[in-house]
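Here the structure comes first, spelled out in structure tokens, and everything after it is commentary.
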Amino acid sequence: MWTVIYIAPNKLIAEKYKAFLTNEGMLVQLRPIGSAHLGDHASVEILVPESEAEEAHEIITGAIGS
């Protein structure tokens, strides 16, 4: 089961956080929210397997703080 751990404000930030998580060996999916016409400016959900959600959230929180 995939779990949303963060909602990024746009695709660029979502890709940045996905890279942090992937470098830690986690599986990551990105899912755009809202209208397709917003393109790269739409908010994006960052999802990981439920078993990795807590650790992934900590990694994202650390990345935001740095």
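In this text the structure is predicted, and so the values were computed from the model without any measurement.
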Give the table of side-chain donor-acceptor pairs shorter than 3.5 Å for residues 5-16, with sequence neighbours excluded, one pair per line with atom names and distance.
from  : atom 1 : to    : atom 2 : distance (Å)
Asn10 : OD1    : Leu12 : N      : 3.1
Asn10 : OD1    : Ile13 : N      : 2.9

Scan the side chains in residues 17-24 for donor-acceptor partners under 3.5 Å anywhere in the protein, sequence neighbours excluded, and list what turns up.
from  : atom 1 : to    : atom 2 : distance (Å)
Thr22 : OG1    : Lys18 : O      : 2.8
Asn23 : ND2    : Ala19 : O      : 3.2

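Here the straight-line distance linking atom CD of Glu54 with atom OG1 of Thr3 works out to 11.5 Å at 0.5 Å rounding. Glu52 contributes atom CD, which lies 5.0 Å from atom CE of Met26 (distance to the nearest 0.5 angstrom).
Both Leu27 and Val4 are members of a single hydrophobic cluster when ILVMFWY side chains are connected at heavy-atom separations under 4.5 Å. By the rule that hydrophobic residues join a cluster once side-chain heavy atoms approach within less than 4.5 Å of another member, Val28 and Ile33 end up as members of separate clusters. Note: the hydrophobic cluster containing Ile59 does not contain Leu47 (ILVMFWY, side chain heavy atoms under 4.5 Å, direct or indirect links).
With a 4.5 Å cut-off on side-chain heavy atoms, Trp2 and Gln29 count as touching.
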